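Note that this is a predicted model, so its numbers are computed, not measured. FYI, the numbering just counts along the sequence from 1.
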Amino acid sequence: MLLFSYFHPQIPSFSLKFAEKGFNIQLLLSKDSFDRFAGDFRYAGERILMNENASIFVYSGSPLEIPALIAISENALFFGFFNKKGKFEGQYLLSFEPSSLAWGRELFEYYVGRSEKVCSMDYPDSGSDSQRTLQNLK
């Protein structure tokens, strides 16, 4: 489970690598992050979506409504925070506690429930208005 509300250019290759190795991947991106992903890394996105074990979701709410990042594996929770000005400065929380993992999964599912599932990287340019954007998400 990966949530990114900021874009890092290694997200596409990192996600694709795990999807192609058979790991179950749920990638949740903010609208701005998805715009960048779809525009600059379309091929990797399409390859990720070709894997039955991988899903991409877009959260179209305000970026300040979600944390900078959430990464959850079978035995670790990695949580990234924005500072008071809404900038990501590499402030993290790492936990291996079962209760933390359960909480992280619950929080991730909360955001997935408020997101749109992506079926294709066919997508208007990132400069398009959000209504057209959401119509292309399925």
Side-chain angles (χ1 to χ4, degrees):
M1 299 173 150
L2 302 167
L3 178 151
F4 290 94
S5 60
Y6 70 96
F7 187 80
H8 190 284
Q10 291 181 333
I11 294 169
S13 62
F14 177 81
S15 301
L16 178 59
K17 177 180 168 183
F18 282 101
E20 289 181 336
K21 287 186 176 187
F23 289 92
N24 290 325
I25 299 289
Q26 288 183 304
L27 180 60
L28 194 151
L29 301 168
S30 67
K31 182 189 170 306
D32 291 341
S33 291
F34 182 77
D35 286 347
R36 176 79 188 279
F37 195 142
D40 296 342
F41 299 90
R42 175 191 168 97
Y43 180 72
E46 291 290 356
R47 288 188 52 203
I48 291 168
L49 292 172
M50 289 172 48
N51 290 278
E52 291 182 14
N53 55 307
S55 302
I56 300 175
F57 299 88
V58 174
Y59 180 79
S60 60
S62 167
L64 295 179
E65 294 174 357
I66 59 177
L69 76 92
I70 302 173
I72 305 164
S73 70
E74 290 182 14
N75 41 8
L77 167 67
F78 192 65
F79 203 87
F81 300 97
F82 290 114
N83 67 16
K84 291 179 183 178
K85 295 180 182 179
K87 302 281 184 193
F88 182 65
E89 295 180 336
Q91 299 174 6
Y92 300 103
L93 172 80
L94 175 64
S95 179
F96 302 99
E97 294 294 321
S99 60
S100 297
L101 297 173
W103 176 80
R105 287 184 188 99
E106 185 177 327
L107 182 61
F108 185 87
E109 291 299 327
Y110 170 86
Y111 289 114
V112 166
R114 284 150 183 78
S115 302
E116 298 286 331
K117 187 172 183 178
V118 174
C119 294
S120 170
M121 297 303 282
D122 285 329
Y123 188 77
D125 292 332
S126 62
S128 66
D129 66 62
S130 61
Q131 284 302 91
R132 286 180 39 211
T133 297
L134 290 175
Q135 290 173 358
N136 288 306
L137 300 174
K138 296 183 175 116

Inset, instruction - Run the numbers on Arg36 and Asp32 for salt bridge (charged side-chain N to carboxylate O under 4.0 Å, His left out), then give the verdict. - result: CA-CA 6 Å; Arg36 176 79 188 279; Asp32 291 341; over 6 Å; no

Inset, instruction - Would you check, one step at a time, whether the test side chain to side chain contact (heavy atoms under 4.5 Å, CB included) holds for Ile48 with Phe37? - result: CA-CA 12 Å; Ile48 291 168; Phe37 195 142; 3.8 Å; yes

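The two residues Ser115 and Leu28 have their closest heavy-atom pair at OG-CD1, 3.7 Å. Listed here is the closest heavy atom pair of Ser30 and Ile66: CB-CD1, 4.2 Å. For the residue pair Arg42 and Met121, the shortest heavy atom distance occurs at NH1-O, 3.5 Å. Smallest separation of non-hydrogen atoms from His8 and Pro12: O-CD, 3.9 Å. Closest approach of Leu94 to Phe78, counting heavy atoms only: CD1-CD1, 3.9 Å. What you find for Arg105 and Glu74 is that their closest heavy atoms are NH2-O, 3.6 Å.
Note that OG of Ser120 and CD1 of Ile56 are 10.0 Å apart. Values are rounded to the nearest 0.5 Å.
Between Leu69 and Tyr92 the shortest side-chain heavy-atom distance falls below 4.5 Å. Residues Phe82 and Ser5 have side chains in contact (heavy-atom distance under 4.5 Å, counting atoms from C-beta outward). Side-chain contact between Leu29 and Phe7: absent, with no pair of heavy atoms (C-beta onward) separated by less than 4.5 Å. Under the 4.5 Å side-chain criterion, counting only non-hydrogen atoms from C-beta, Leu2 is not in contact with Ile11. Between Leu16 and Phe41 the shortest side-chain heavy-atom distance does not fall below 4.5 Å. A heavy-atom distance below 4.5 Å is found between the side chains of Leu77 and Ile70.
Applying the ring-ring contact (aromatic ring centres under 6.0 Å, His included) criterion to Tyr111, with sequence neighbours excluded, gives Tyr59. Applying the side chain to side chain contact (heavy atoms under 4.5 Å, CB included) rule to Glu89 yields the partners Asn83, Gln91; only residues at least two apart in sequence or on another chain are considered.
No continuous path of ILVMFWY side-chain contacts below 4.5 Å connects Tyr43 to Val118, so the two sit in separate hydrophobic clusters. Met50 and Leu27 are members of different hydrophobic clusters when ILVMFWY side chains are connected at heavy-atom separations under 4.5 Å.
Taking the six-membered ring where tryptophan is involved, the planes of Phe79 and Phe81 are tilted, since the angle between them lies from 30° to 60°.
For residues 15-30, the pairs satisfying salt bridge (Lys or Arg N to Asp or Glu O under 4.0 Å) are Glu20-Arg47, with sequence neighbours left out.
A donor-acceptor pair is defined here as one N or O able to donate and one able to accept, closer than 3.5 Å; such a pair exists between the side chain of Arg114 and the backbone of Tyr110.
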